[in-house]
Number of protein chains: 2
Amino acid sequence: MVERTSSASTRQIREANLRAVLHRMWDSEPVTGTDLIDSTGLTRATVHGVCEDLTRRGWIHEVENQREHGGYRMGRPARRYAFQPLAGVVVGVDCGQHRARATVTDLRGRTLARHGSSFSGPEHTPEERLDVLSRTILAALTAASVPPERVLVVVTGVPAPVDAGGRTAGSVNPFWEQMNPDIAGHLSREHGWRAIVDNDANLAAEAERWQGAGRGLDNFVTLLTGERIGAGIVDDGNLLRGARGGAGEMRFLDLIEGVGSAHGIARLARDWSQQAVRTDAHPESPLRDLAPEGIDAEAVFTAAEADDPLAVDVVERIGARFARIVGALAGLLDTERIVLAGAPARSCAPIRRVIERDLPQYVHPPLPEIVISDFGDEIVSVGAVWRALDHVREHVVEIDLVTGRQGAGVEAEVG
Amino acid sequence: MVERTSSASTRQIREANLRAVLHRMWDSEPVTGTDLIDSTGLTRATVHGVCEDLTRRGWIHEVENQREHGGYRMGRPARRYAFQPLAGVVVGVDCGQHRARATVTDLRGRTLARHGSSFSGPEHTPEERLDVLSRTILAALTAASVPPERVLVVVTGVPAPVDAGGRTAGSVNPFWEQMNPDIAGHLSREHGWRAIVDNDANLAAEAERWQGAGRGLDNFVTLLTGERIGAGIVDDGNLLRGARGGAGEMRFLDLIEGVGSAHGIARLARDWSQQAVRTDAHPESPLRDLAPEGIDAEAVFTAAEADDPLAVDVVERIGARFARIVGALAGLLDTERIVLAGAPARSCAPIRRVIERDLPQYVHPPLPEIVISDFGDEIVSVGAVWRALDHVREHVVEIDLVTGRQGAGVEAEVG
DNA sequence: GGTATTAAATCTAGGAACTAGATTTATTAA
DNA sequence: TTAATAAATCTAGTTCCTAGATTTAATACC
């Protein structure tokens, strides 16, 4: 077979058209040539040429029984092409401090399988971390009945700043380096996968942008708040990164009056309610019936909804604090919406009310909306999957699903 | 003449090549075809074709006496093409609260003329503002002996947030709307110029990025500080804008402990030294020889360099405050460098020392560098010019310098 | 001054990708 | 069976590019 020698320029044209046609088909029903002509503005000859290319590369296939689909009647039946969502899979991993959870999805983001494992303890070694991570991903793939070669990209979220090269290095915080012992390099070397690593709050923001509260917005902030707070900041559609991946780190809260730390909602709710229980304030509070160690954020917020005065006090304090945090972020960044996300978020409607009440003290109108994320503790995995799908979409032209992935290997970039 | 009907795709190729060749020539000596072949990777035929196009459109011309230039000896003499920096001009305007200053430059950013005018007072009407602005620009053009039709774009910096459409609207702050009474629309309607408006701190950041302390950096912040503070924030090469152009507004400083307002260095230096003079602290300070109203930032900083204790006290307070501001910004944004800019910046070396001393209290290493801008009060004009040149570079393919600008009109985008 | 050397320009042929429009084909409707 | 229809396929022609042969305008050397 003769080597094709299309020039860089003509290849660019073809690639742009491949992309346009494939993106048109990605999330839609099977389409006809005419559909593609209408939506891309290309001519029929080009459209079919491109579809032939895409078929050869395994992204789409021609649907046989054309008559079934459209409701038309006359004329020569159209050829129909369908995107193949199972042509490859992606893996999104939430690799937290205590456990790793991997989600395998098809190219449309439909979950095929999940798997989670715990680390032996918060002080686990880097070797254990990488090992457990690998096993978790492989287990999820097994559960999905997908061989590892079908994986197009693995995206992993970690609770640490991650620079544009996928690394967490040169920081003064050994915890951070422990959280990301060159995960991208490991996955690439051991398994041959393209691997991308990013900060968990950044991936949370991706989840919101994809199918959550950030949909359609160019400017919003996702506050991932559990034990600590991290922010995923989107400005003009771009995720802020910072010089070393540290954008959205919250140490600056130490400087905010009435805040003083980056403690998250889960921690504050637990600490403050347990403190309160130890004092003799609100002696009749039902929260006192729980073991002090058993009082967590959800218990407090539920109690607050039932007007438990102790819980209401705690909610009041947390809300007042978060109003200041939100105020500072919104003031500096001029953001349209702030999403409260993370495991405790789903029960923190009472906190949201306090924030909304206090916010006008700190920000000029128009005020940012305060929205509660629907993702619960799945948010980082969902964001990782979305980032992975985004990566695949961006790199379709480099990927040949039939002859095997091209350009696999260390692919640690994050944007 | 027959209408050329090159397809969208082939036109894209040609445009990319036009751009590549022109950008290669923009800041360089006249180049030969072979130079262009080497630097663009195109073939000779293409290169000369593109140069012919560029010549026809007025961007470049062929240099006659080829032998003069290079130091070569043998072989057929190369054709040489030179960029024409005077094929068009751009105007950068600093339209502040008290006065407007316009700078006319050629396409390489070399200043051809400047002109400045004052407004009648800080409370001038929008009509006056637009009128003075127009006259200032026209006067600068006259001084440069350039007819208004040769202007390719006018960029204006204002002390107000400006959204992506060039507008300042819907804010609660009437001062801001007064500062930008749809300047872009006015310049476009009255004079037919492409007009871009942006926030002054953002343009200051552009100046630093172009030829100042931000050169080569993807992450830095420019603090434009005179009477008030505004920040131009660059992350990953992008200027932060915010939903309504308010990114970099500093009201959040109200929430920072030990700061409490967005007052700038000029104001703090004046207020605090005048206050101190009114008390009986440091009775021997030479600053007391000045009329209290005559004490300004520069006087204070100069006195501090001479160890005047009163001035040293003021510098200490300002530095401590700015260390917190810098700490908050650097902590949230993970920025590599913070540039202190604006009129008082050039004399504030003593403040920089205090900031550097205090900063480790607030930020984890690696610490951002603190750098003092060299631009003085020219910074906004310089940034405006740079933004204008950037715009021209981006839009070369739409501009035909010979047959007149195409697509002129309201062009209020900012990015 | 004539000839070799050299570096660049110009010319010629050919390819990839696209558009446009005529022709053919596979259906449904009458 | 025939007409109408909608889409596919085929044919020609465009632009822009590359590759390589040929020509040209210099310098260098004898």
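This is a predicted model, so every value here is computed, not measured. All chains are named by letter (A, B, ...) in the order of the sequence lines, taking the proteins before the strands, and each is independently numbered beginning at 1.
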Practice problem: Among the candidates C/dA8, D/dA8, D/dA25, find the nucleotide nearest to the side-chain atoms of B/P77. | Solution: D/dA25

Quiz item: So does B/E62 pair up with B/R79, basic N to acidic O under 4.0 Å?
Solution: yes

Quiz prompt | Protein-nucleotide distance (A/R80, atom CZ; C/dT27, atom C1'), rounded to Å | solution = 14 Å

Exercise. Examine C/dA8: is either OP1 or OP2 under 4.0 Å from a nitrogen or oxygen in the side chain of B/T34? Give yes or no.
Key: yes

Exercise. In whole angstrom, give the distance that lies between atom CD of B/Q12 and atom P of C/dA17.
Key: 15 Å

Quiz item: Say you draw a straight line from SG of B/C51 to NE2 of B/H61; how long is it, rounded to the nearest 0.5 Å?
Solution: 12.0 Å

Self-check item: Separation between CG of B/L203 and CZ of B/R209, rounded to the nearest 0.5 Å
Solution: 11.0 Å

Self-check item: Length of the line joining A/H48:NE2 and D/dA6:C1', which is rounded to integer Å
Solution: 12 Å

Practice problem: Answer yes or no: is there an ion pair linking A/D198 with A/R241, defined by an N-O contact shorter than 4.0 Å? | Solution: yes

Quiz item: Which of the following nucleotides, C/dA16, D/dA7, D/dT18, is nearest to the side chain of A/T10?
Solution: C/dA16

Quiz item: Counting only side-chain N and O atoms of A/T43, is one of them less than 4.0 Å from OP1 or OP2 of C/dT19?
Solution: yes

Quiz item: For C/dT10, does OP1 or OP2 lie under 4.0 Å from any side-chain N or O of B/R79?
Solution: yes

Quiz item: If you check every side-chain atom of B/T46, which of D/dT18, D/dC16, D/dA8 has the closest atom?
Solution: D/dT18

Quiz item: How long is the line joining CD1 of A/I13 and C1' of D/dT14, in whole Å?
Solution: 12 Å

Quiz item: Taking CG from B/L36 and P from D/dC17, how many angstroms apart are they, rounded to a whole number?
Solution: 14 Å

Practice problem: Look at the side-chain N and O atoms of B/R76 and state whether any lies under 4.0 Å from the OP1 or OP2 oxygen of D/dT23. | Solution: no

Quiz item: Between A/R19 (CZ) and C/dA17 (P), how many Å, whole number?
Solution: 15 Å

Quiz item: Any salt bridge between A/R194 and A/E398, counting N to O under 4.0 Å?
Solution: yes

Self-check item: A/R44 side-chain proximity, nearest of C/dT27, C/dA8, D/dT9
Solution: D/dT9

Quiz item: For B/R11 and C/dA17, what is the distance between atoms CZ and C1' respectively, to the nearest whole Å?
Solution: 15 Å

Practice problem: Let me know the distance between CG of B/D38 and C1' of C/dA8, rounded to the nearest Å. | Solution: 12 Å

